[in-house]
2 protein chains.
Amino acid sequence: MKNETDSLRLENQLCFPLYAAARGVVRRYRPHLDALNLTYTQYIAMMVMWEERLCSVRELGKRLYLDSGTLTPVLKSLEQKGCVRRYRSPEDERVLLVELTENGRQLREACADIPYKVGCSFDLSAQDAQTLHRLLYQILGQFD
Amino acid sequence: MKNETDSLRLENQLCFPLYAAARGVVRRYRPHLDALNLTYTQYIAMMVMWEERLCSVRELGKRLYLDSGTLTPVLKSLEQKGCVRRYRSPEDERVLLVELTENGRQLREACADIPYKVGCSFDLSAQDAQTLHRLLYQILGQFD
DNA sequence: TATAATTTAATTGTGCTCAATTGAATCGAG
DNA sequence: CTCGATTCAATTGAGCACAATTAAATTATA
């Protein structure tokens with residue numbers, strides 16, 4: 001039987017373990033990404049670029065649930081590293097297109113084993129991972 | 001049958017929905033916390049204080065999976081608002097003790113309905129919430 | 001067509017996260 | 001007791017998250 005006291009206990013919140021686990025998992029990626037001179041946000045942005053090759057900032061933001069305030073500096077940094085090109089769409093000058101470069105494409109091979117390595121570092125059964133995946137996307141679906 | 005191509009797809013990662021869902025959930029708290037002039041990090045710090053009343057920065061950090069670089073400014077801000085007091089332990093001057101004030105205690109009542117309100121805004125069955133909770137703590141347990 | 005509304009990305013400012021470093025206090029081995 | 005190691009919090013610097021604002025381009029409407 002829950003009351004106000006229980007509801008404000010840290011361990012009864014969903015937000016807390018969610019937030020802490022997310023940061024912890026990102027921390028596990030860091031050593032692998034450091035070696036490739038990538039931040040985590042740059043990495044997930046590149047994941048979209050590997051799938052799309054050409055993509056507007058807006059589309060990228062929708063996929064990643066991030067706005068231009070976050071993406072603009074991330075994409076500028078990726079451009080400086082030569083992973084993407086950025087240019088205004090000729091059809092609509094408001095739209096900034098981001099395009100994968102050959103350099104960026106090659107980075108994908110270097111990243112190929114990261115998910116496996118990080119995945120192995122977690123003691124989570126395939127069944128549990130799948131359940132977690134499903135529940136997270138169920139939550140994410142409510143942010144559209 | 002998975003290959004490198006699949007493993008680097010955004011939607012096959014666990015890290016991505018975890019991170020995005022965590023931020024989305026925190027965003028749902030924001031309007032409620034804004035009304036009380038609290039940030040999310042201040043809020044979870046207060047949750048520990050409501051449970052402990054007196055707690056070192058180190059213990060707080062262990063509970064929240066945060067270090068002093070994050071906590072120091074958060075706790076200073078909470079002190080300025082009059083929610084906690086901070087003072088060095090007489091037994092060990094290295095240790096900074098954080099103590100709940102009467103003001104801080106009263107804040108708890110004002111926060112009492114936040115978990116319920118936020119919880120209601122998610123379409124997640126009690127069963128699913130419990131499963132998610134279990135899986136997240138299973139992951140968190142690997143960060144100790 | 002003129003202008004009002006909308007869309008898009010960039011910018012700005014505040015706060016969080018984290019790694020690395022610093023400095024003080026304490027502890028432990030000799 | 002002394003010196004080196006450890007512990008603890010604070011600080012610093014880099015990068016991310018996000019709300020709010022700005023400016024330009026486009027679209028819709030009167």
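Throughout, a chain's letter reflects where its sequence line sits, starting with A, and its residues are numbered from 1. The figures that follow rest on heavy atoms only: side chains count, while hydrogens, waters and symmetry mates do not.
- Counting to the nearest Å, the P atom of dA9(D) and the NZ atom of Lys76(B) are 13 Å from each other.
- Using bins of under 30°, 30° to 60° and over 60° for the plane-to-plane angle, the ring pair Tyr29(B)/Tyr43(B) lands in the tilted bin.
- Between the OH atom of Tyr87(A) and the P atom of dA25(D) there is a distance of 19 Å, rounded to whole Å.
- Between Leu124(B) and Gln138(A) there is a side-chain heavy-atom pair separated by less than 4.5 Å.
- Shown here are the side-chain contact (heavy atoms from CB on, under 4.5 Å) partners of Val26(B), two or more places apart in sequence or in another chain: Tyr19(A), Arg30(B), Tyr40(B).
- Residue order along DNA chain C, read from the 5' end via each residue's closest nucleotide, puts Arg86(A) first among Arg86(A) and Arg23(A).
- The structure places CG of Asp92(B) at 6.0 Å from OG of Ser89(B), a figure rounded to the nearest 0.5 Å.
- Salt-bridge formation is detected for the pair Arg53(B)/Glu99(B): a Lys NZ or Arg NE/NH1/NH2 atom is positioned less than 4.0 Å from an Asp or Glu carboxylate oxygen.
- Regarding Phe143(A), its CZ atom lies at a distance of 10 Å from the P atom of dC18(D), rounded to whole Å.
- Spacing between atom CZ of Arg30(A) and atom P of dC18(C) amounts to 7 Å, rounded to whole angstrom units.
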Any N/O pairs under 3.5 Å between the protein and nucleotides 14-16 of chain D? List them or say none.
from, atom 1, to, atom 2, distance (Å)
dC16(D), OP1, Thr39(A), OG1, 2.7
dC16(D), O3', Thr41(A), OG1, 3.3

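- Atom CD of Glu51(A) is separated from atom CG of Leu100(A) by 11.5 Å, given to the nearest 0.5 angstrom.
- Side-chain atoms of Lys117(A) never come within 3.5 Å of backbone atoms of His32(A) as a donor-acceptor pair (strictly under, hydrogens ignored).
- Look at CZ on Arg88(A): it is 12 Å from P on dT8(C), rounded to the nearest Å.
- Between Arg58(B) and the phosphate of dT7(D), there is no side-chain N or O to OP1/OP2 separation shorter than 4.0 Å.
- Within 4.0 Å of Ser56(B), counting heavy atoms only, lie sugar-phosphate atoms of the nucleic acid but no base atom.
- To the nearest angstrom, P of dC18(D) lies 13 Å from OH of Tyr65(A).
- In this pair, Phe16(B) and Tyr137(A) present their aromatic rings tilted. The plane angle is within the 30 to 60° band.
- Over its full length, the helix from dT1(C)-dA30(D) to dG30(C)-dC1(D) turns its helical axis through 10°, comparing axes from the five pairs at each end and rounding to 10°.
- Between Leu33(A) atom CG and dC18(C) atom P there is a gap of 15 Å when expressed in whole angstrom units.
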Show the atom names and distances, to 0.1 Å, of all donor-acceptor pairs under 3.5 Å that link a side chain in residues 68-77 of chain B to residues at least two apart or in another chain.
from, atom 1, to, atom 2, distance (Å)
Thr72(B), OG1, Ser68(B), O, 2.9
Ser77(B), OG, Gln42(B), NE2, 3.0

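- A donor-acceptor pair is defined here as one N or O able to donate and one able to accept, closer than 3.5 Å; such a pair exists between the side chain of Arg28(B) and the backbone of Ser121(B).
- Formation of a donor-acceptor pair under 3.5 Å by the Arg85(B) side chain with backbone atoms of Glu79(B) is not found in this model.
- If you measure from atom CZ of Arg27(A) to atom C1' of dC16(C), you get 13 Å, rounded to the nearest angstrom.
- The residues Glu102(B) and Arg105(B) are annotated as salt-bridged, a charged nitrogen and a carboxylate oxygen being separated by less than 4.0 angstrom.
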Under 3.5 Å, N/O pairs linking protein and nucleotides 21-23 of chain D:
none

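- A distance-only check finds a donor-acceptor pair linking the side chain of Trp50(B) to the backbone of Gly104(B) [under 3.5 Å].
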Could I get a table of every N or O pair under 3.5 Å where one atom is in the protein and the other is in nucleotides 20-27 of chain C?
from, atom 1, to, atom 2, distance (Å)
dT26(C), OP1, Glu93(B), N, 3.2

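- To the nearest 0.5 Å, atoms CG (Leu60(B)) and NZ (Lys62(B)) are separated by 12.5 Å.
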